[in-house]
Number of protein chains: 2
Amino acid sequence: MADSRTPRSAEGLGSSSPAPAVTRAAAVMDALAEAPSGRLTLSDLSRELGIPKSSTSNLLLALEEARLITREGADFSLGRKLVELGAAYLSRLDEVQEFYKFCEQAPTLSGETVRIAMIDGDHIIYLARYEGHPAVRLTSNIGDKMPLSLSAVGKVLLAQLHDHDIEAMFPDDVELPVMTPKSLRSAAELKAQVAAIRKQGYALEDEESTLGVVCLAVPVPTHGAHGPSLGLSVTALKATFSEEQAALMVKELKELAHSLGNPMG
Amino acid sequence: MADSRTPRSAEGLGSSSPAPAVTRAAAVMDALAEAPSGRLTLSDLSRELGIPKSSTSNLLLALEEARLITREGADFSLGRKLVELGAAYLSRLDEVQEFYKFCEQAPTLSGETVRIAMIDGDHIIYLARYEGHPAVRLTSNIGDKMPLSLSAVGKVLLAQLHDHDIEAMFPDDVELPVMTPKSLRSAAELKAQVAAIRKQGYALEDEESTLGVVCLAVPVPTHGAHGPSLGLSVTALKATFSEEQAALMVKELKELAHSLGNPMG
DNA sequence: CGCGCTTGTTCAATCCACTGAACAACCACC
DNA sequence: GGTGGTTGTTCAGTGGATTGAACAAGCGCG
């Protein structure tokens, strides 16, 4: 595999962590998650993270004992406990439960593919997916991440941030990730869209991440200071996408967003 | 909340871990996952895990920095990164992808609620769920755990283990968890069922975890030494459950299990 | 208000986890 | 087989993480 010359030191900069072992352990899990094959050996990890082999070995032993990772012969991969913990996190979000209920009984949305996502650094992360009919079978799964600039939810959540935060994340000379010919290229384009989204209250993604597929998204108003902002999106095939249908979907999305934003029984 | 008098020391026994900080950090996440509300304060954690407050504080800081947990005012809860990591784990299991594909095009299963699960200590953990029609809407989610003795998949996976392992997990005087009047009560009953399951090649759960609901399950043959064993199950309403339908479902489940067990393109 | 009980944060001394070098095994390639 | 490159494990010394006591801040109560 060539050789990934990226000894990205696990230490962030002011390399002092209140509990270095924990920070390094987290870096190990990150590395495993990002590894294409999902499997790395002790030496791989030691090299990539810049941690001495002996220390890495200790970390791996401890992580394995906690079932956060698994050893399979010589190489390590993520452990099942992570699925449990991730599920535990999701089960605490009442929004997810209500999301499903609403989708099922919504006139238009009940037949569509709807998702709820959350902003997470400079990406969004999908929390749940409702699939009304399998016409559009998405390749994305719960827990998957997407760049902000490439998805309708990403853009709508970006629009909720303060301008100076946006500026910090997207200076004028950034290179945006590109997935299709229609993906946004420049920070200027992105900021123009953000302005438009703020006016109209929803975001549109027009084949920017997948050709033939469009997406609509609205933000969920954050009730109180309770965590980061959520967003909702519908996905449809561009071929079967009409203005009137879009209007209906946006309307229902906004209803759902409103009911998620105002906690109730 | 009464007061949970369970200062379950984080240290397992031979309290020596090759990287104590990591072990303790894992214990912190466990505690957060198990806490009914999902939120605990520094003092809660310090008390429950028997870790000095100052050390706990450091752990929490490091965990927060890694986004493995989140601080919300005074109390802590699990972090979003866990969803990512859990998803990363699942995305590596090709079985899950093929599971979905197969369910969609299977004559009988395509209309049912099918799940794939994995053995995880003395529990099973659900990895994916296919929902053909929303007749039976399950309350369980991906990542949820269930005792072995209470589910069809649990029993079928138990039947795959060696007798002495079963004996170790279920000595004759264990108290089994009970969820309905029809739940198995004694280890003897369980072992009798295991014997039967080995003969017939599938397991049946008859209202043992939820009244009105039945389950069928088959094991997935482990190809190679590749990880722990998987199991498949169909869930149906007892009211609409017939012998002939059961036979069809078991047949298709076995086909799916076979194709999962023999990796292919 | 003052008291008792929490809570979380600070800090210097100690102990233990981390380190690096030396080790044994292994594989690939002449 | 010899050789240079791995791999992962072992172990004693040391530097830094961990600790507990002392701290400040908050809360309920009489």
Side-chain angles (χ1 to χ4, degrees), chain A residues 1-5 7 9-29 31-32 35 37 39-66 68-77 225, chain B residues 1-5 7 9-29 31-32 35 37 39-66 68-77 225:
Chain A
M1 53 180 67
D3 58 56
S4 54
R5 282 269 146 270
S9 64
E11 359 283 345
L13 284 151
S15 57
S16 68
S17 159
V22 176
T23 307
R24 309 225 271 202
V28 166
M29 293 191 287
L32 288 176
S37 73
R39 312 155 97 251
L40 292 175
T41 70
L42 178 108
S43 302
D44 290 337
L45 288 163
S46 166
R47 198 177 321 112
E48 178 162 358
L49 301 175
I51 304 176
K53 277 191 295 180
S54 42
S55 317
T56 309
S57 173
N58 286 337
L59 289 178
L60 292 175
L61 255 44
L63 283 170
E64 186 185 12
E65 194 184 304
L68 291 170
I69 66 172
T70 322
R71 148 177 264 141
E72 202 168 309
D75 35 31
F76 296 85
S77 45
Chain B
M1 55 179 65
D3 58 58
S4 55
R5 281 269 148 268
S9 65
E11 359 284 344
L13 284 151
S15 57
S16 68
S17 159
V22 177
T23 307
R24 311 224 270 202
V28 165
M29 293 191 287
L32 287 175
S37 72
R39 312 155 98 251
L40 291 175
T41 70
L42 173 82
S43 302
D44 290 336
L45 287 164
S46 166
R47 199 178 319 114
E48 179 163 357
L49 300 176
I51 303 176
K53 278 190 295 180
S54 41
S55 317
T56 309
S57 173
N58 286 338
L59 290 177
L60 292 175
L61 254 45
L63 283 170
E64 185 184 12
E65 194 184 303
L68 291 169
I69 65 172
T70 323
R71 148 179 264 139
E72 202 167 310
D75 35 33
F76 296 86
S77 44

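In what follows, every chain begins at residue 1, and chains take the letters A, B, ... in the order their sequences are listed.
We find that CG of B:L61 is positioned 9 Å from P of C:dT10, with the value rounded to whole Å. Atom CG in A:L59 sits about 14 Å away from atom P in D:dG8, given to the nearest Å. If you measure from atom CZ of A:R24 to atom C1' of C:dC18, you get 8 Å, rounded to the nearest angstrom. Rounded to whole Å, atom C1' of D:dA17 lies 14 Å from atom CD1 of B:I51. For the pair A:L60 CG and D:dG8 P, the computed distance is 9 Å after rounding to whole Å. Here the P atom of nucleotide C:dG8 and the CD atom of B:E64 are 13 Å apart, to the nearest Å.
B:F76 has its side chain out of reach of B:L40: every pair of non-hydrogen atoms, C-beta onward, lies at least 4.5 Å apart. In this structure, B:R24 and B:N58 have side chains that are not in contact, with every pair of non-hydrogen atoms separated by 4.5 Å or more. B:L68 has its side chain within reach of A:M29: a pair of non-hydrogen atoms, C-beta onward, lies under 4.5 Å apart. You'll find the side chain of B:L61 reaches within 4.5 Å of the side chain of B:R71, heavy atoms only. Contact annotation: the side chain of A:I51 never approaches that of A:L45 to less than 4.5 Å [non-hydrogen atoms, C-beta and beyond].
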Protein-nucleotides 5-7 of chain C N/O pairs under 3.5 Å:
{"unit_1": "C:dT7", "atom_1": "OP1", "unit_2": "B:R47", "atom_2": "NH2", "d": "2.7"}
{"unit_1": "C:dT7", "atom_1": "O5'", "unit_2": "B:S43", "atom_2": "OG", "d": "2.9"}

Expected rows: protein N/O vs nucleotides 24-27 of chain D N/O, under 3.5 Å:
none

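A:T56 places no side-chain N or O within donor-acceptor distance of the main-chain N or O of A:L42, the cut-off being under 3.5 Å. B:T23 contributes no side-chain N or O that, together with a main-chain N or O of A:A62, makes up a donor-acceptor pair within less than 3.5 Å.
Taking the side chain of B:N58 as heavy atoms from C-beta on, and the options C:dT10, D:dT18, D:dC11, the nearest nucleotide is D:dT18. Of the candidates C:dG20, C:dC18, C:dC11, the closest approach to any side-chain atom of B:S54 belongs to C:dC11.
If B:T56 and A:F76 are placed on DNA chain D by their nearest nucleotide, the residue sitting closer to the 5' end is A:F76.
Once rounded to the nearest 0.5 Å, the distance linking CZ of A:R47 with OG1 of A:T41 reads 6.5 Å. Interatomic distance, A:E72 CD to A:T70 OG1, rounded to the nearest 0.5 Å: 7.5 Å.
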Going through the distances and angles, do B:L60 and B:I69 end up as a side-chain contact (heavy atoms from CB on, under 4.5 Å)?
CA-CA 8 Å; B:L60 292 175; B:I69 65 172; 3.5 Å; yes
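Put simply, A:S57 has a side-chain N or O that comes within less than 4.0 Å of OP1 or OP2 on D:dT9.
The two residues A:L49 and A:A31 come nearest to each other via the heavy atoms CD2-CB, 4.3 Å.
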Go ahead and write out DNA chain D as dot-bracket, 5' to 3': ( ) for pairs within the strand, [ ] for ones crossing earlier pairs, | when the partner sits on another strand, dots for unpaired; Watson-Crick or G-U wobble, both distances under 3.5 Å.
||||.|.||||||||||||||||.||||||
